[in-house]
Every structure is written in structure tokens, then in C-alpha cells.
2 protein chains.
Amino acid sequence: MPQKLLAFHRHNHTHCVSSALAEAQELCNERGARLTPLRRQVLELIWQSHIPLGAYALMDQLAELTTRRVAPPTVYRALDFLLEQGLVHRIHGLNAFIGCPTPGEHHQSEFLLCRDCGVAKEIDSEELSQAIRIVAEADGFLVENNSVEVTGLCPNCRPKDDAPHERA
Amino acid sequence: MPQKLLAFHRHNHTHCVSSALAEAQELCNERGARLTPLRRQVLELIWQSHIPLGAYALMDQLAELTTRRVAPPTVYRALDFLLEQGLVHRIHGLNAFIGCPTPGEHHQSEFLLCRDCGVAKEIDSEELSQAIRIVAEADGFLVENNSVEVTGLCPNCRPKDDAPHERA
DNA sequence: ACCCATGTGTTACTATATAGCCTCACTATA
DNA sequence: TATAGTGAGGCTATATAGTAACACATGGGT
């Protein structure tokens, strides 16, 4: 199965998580950034979900794991670090966070978001980024960052075909 | 001056506001939707600003105008109505709202947002929407709605040229 | 030993958004 | 004219999201 379809299909996600953590560790080492136990744990929790996770959901999960209360600033600081390092993205439309599958490369925040099952799939399309640059430049606008959040239905949740006879 | 550049340049904005209000009224009439005084006032306040306006900023302005307190639900209900009618867009990255210049047409929420002066300019590019559809379809994803929020510097705020000698 | 930088804990708070209930105005009908 | 239905808006309270500010702790360098 092509890599690009992964998020929308069954797969051994444990593997995704552990390789994401390993890659994160490596990147941080290279950069002299400190992937502390807390930050690592937050990253792991985010990666374990294909559905973007809110900061407070994350807090709850951390609280369960550590059996003691975790306050908002703790989580937000870890998230800020992960965002700075490009290890996670924020999904503004959901006030939530999702792991970045290609943290080493410079790239934008572009997602397909299923409104039914909630799964988020990052898209990395040169054509799309190009289209945005072209439109912006036509207005004399200097692009620094773009956020694309496309909502709809993923292959698992959309009607199975588009033929005239309904098949919900 | 081409219409597309309007938001980034000086112009008689009073005219924009009044024609937007007139168009909104017309659309609501056609649809049997009620553009009540409150809703109209909220729409007008939003239109008066080229910078997306938050719900609480809106509340404050309403409170000044009416000289009595306006509670959050009041504003949010008006905003919900305006969003449903496609008269305004929500900018998720800013938790704010901006008037839609082409409310009659079906279109997406795609914006250039200047991080310096805050001005928001809606873009309506078939190429961009097309690029999104293509990427989505490649993943078998059924697009219902897209939100593009490009941040950067508008023509007025970006350095005046890109030549080697700096000219901030 | 000491200082300093960085990361985390903690309290309190601000900002954004919604639930639920009440009243009013308008309309449709008996 | 009564009266019930509907939709808009007022209001209180509360939920959810995010931040400020300070205290403490650890680990590295001098």
C-alpha cells in the first residue's frame, strides 16, 4: 500500500509511533534540543492517535498515566516545544494537535480532516503549495506560512460509490 | 485599481460596507432569512474592519453603540446566522470573523492574512480549489469544505523590494 | 561551593464558546 | 378576540481553551 494512504487504512500503528519517536529523538540530537521524558510522552500520546488530540484530552491522558494531576501550562509548554521543532502540527479548526510524519523537511500545515471518524491525514503536495504561492504573489503578498484544513469524508466514511443508486 | 487588490489598498470603505449590507439584505430576502437589526449591526461592524474581528471585540463595540451590556450568546447567535448565510467567514487561526465579499456564490474560505497589519484578504482562485480537489481525490477523500489561511506580509507591510541591498 | 540556564510544578487568571431557560413579538388560526 | 406556535434575543451560569507569574529543581560550568 502506498505510504500516502496509510492514515486512512488499517496498519501496524505501533510501528509508526516508535519510528516517529526515534526520528524525533534523532532530530533533537542534531539540533541540540532536549526531548525530555515529558515532551517525549506528549509526542507519543499524540502519535498514538490518528485523531487530532486537544490539549485537555492530552492532560487527562497524562494524568492517568502518571496518576497525578497535570496542569495546563505543563502540557502547553511541551506542545510549544514540539510545534517549534516541527514534530507536531496544530489543527486550528479543531483546537487540536497531530503528529507530523515528515518533521525533518520544511513544509506547510496541510490536512484532510474526516468529519465523521475524525482522522487527520497530512498532505504534502508541491502543486498545492505552488498554487498558494501563485495566488499570493498575484496580490503582492509574501507567504510565510500556510494552513490548509480540508474537511469532508475519508475513504472509509464516504458513501462507497457515487453512482445514482444510493448506498449509504 | 483591480478589484482583487482592494483590501490591501486605500479606498472608500464606506461604500464597501453599504453595498455589502445591501447585498446581504437582498440575499436574505430571496432566501426568506431574517436579517434583523442585531444581525445587520453585527454584519456592519464586521464589515467596517479590514481586520478580522473577534466575538468579544464585537461584543464590546455593540455594548458601546447600544450603551448596554451584550452577552456572548447574543453575539454568537448572530454570528452563527451570518456564517450559515455565508455572509461572513470564520478565521480559525485568529478566532475571528470577516465579511465575505461574494456571499451569493458557493465558495470556500481562503484567505491571505498579514501578520503585521492584520488585514485579511479573501482569495477566490479556481486553481487553488482545483489543486485541493485533486490532492483530496488522490486519497479518495470527499471534500466538503476547505479552509486556507495563508499568513505572511501584505504588499504594504513587506519590505519594499527584494533586491540585495536591504530596505526594511 | 556557587551561579546560571532550562525545564517543570502550581496557582490564578484571561479568553473563547455554549447550555438552558425565560420573555417578547409576530403570526396563524380557532 | 383568544390562544397557541415559532423564532429572536436577554440573561445566568458554565464549559473549554490558553496564559501569566512565580516557585522549585536539576545539571553543567566555573
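A note on names: the letters A, B, ... follow the listed sequences, proteins ahead of strands, and every chain is numbered from 1.
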> Measure the shortest side-chain to side-chain distance between B:Val148 and B:Gln108 over non-hydrogen atoms and say whether it is less than 4.5 angstrom.
no
> When the distance from CE of B:Met59 to P of C:dA17 is rounded to whole Å, what number comes out?
12 Å
> Which whole-number value in Å describes the distance from B:Leu94 CG to C:dT16 C1'?
13 Å
> Hey, does the side chain of A:Arg69 come within less than 4.0 Å of C:dT10's phosphate (OP1/OP2), counting only N and O?
no
> What's the closest nucleotide to the side chain of A:Pro72 if the choices are D:dT19, D:dT12, C:dT8?
D:dT19
> Is there a side-chain contact between A:Arg90 and the phosphate of D:dG18, meaning an N or O under 4.0 Å from OP1 or OP2?
yes
> May I have the distance from A:Phe81 (atom CZ) to C:dA5 (atom C1'), rounded to whole angstrom?
15 Å
> By the 4.0 Å heavy-atom rule, please label A:Arg34 as base, sugar-phosphate, or nothing.
sugar-phosphate
> Between D:dG7 atom C1' and B:Leu38 atom CG, what is the distance in whole Å?
14 Å
> Using a 4.0 Å heavy-atom cut-off across all strands, classify B:Arg77 as base, sugar-phosphate, or nothing.
base
> Just by distance, with hydrogens left out, do A:His15 and A:His13 show a side-chain donor and acceptor under 3.5 Å apart?
no
> Rounded to the nearest angstrom, tell me the gap between atom CG in B:Asp60 and atom P in C:dT14.
14 Å
> Starting at OH of A:Tyr56 and ending at C1' of D:dT14, how long is that distance when rounded to a whole Å?
14 Å
> Scan side-chain atoms only and decide if B:Glu149 and A:His92 contain a donor-acceptor pair under the 3.5 Å cut-off.
no
> Taking only side-chain N and O atoms of A:Asn95, does any of them lie within less than 4.0 angstrom of OP1 or OP2 on D:dG18?
yes
> What is the distance from CG of B:Leu62 to P of D:dC11, rounded to the nearest Å?
13 Å
> On DNA chain D, check which nucleotide each of B:Ala71 and A:Gly54 is closest to and give me the residue with the more 5' one.
B:Ala71
> Would you please confirm or rule out a distance under 4.0 Å between OP1 or OP2 of D:dG9 and any side-chain N or O of B:Thr36?
yes
> Decide yes or no on side-chain contact (heavy atoms from CB on, under 4.5 Å) for B:Glu105 and B:Asp124, but give the supporting numbers first.
CA-CA 11 Å; B:Glu105 311 160 30; B:Asp124 196 358; 4.0 Å; yes
> On the 0 to 90° scale, with breaks at 30° and 60°, tag the A:Phe8-B:Phe141 ring pair as parallel, tilted or perpendicular.
parallel
> At less than 3.5 Å, do the side-chain atoms of B:Tyr76 and the base atoms of D:dG9 form a donor-acceptor pair?
no
> Please report, rounded to the nearest Å, how far the C1' atom of C:dT8 is from the CG atom of A:Leu35.
15 Å
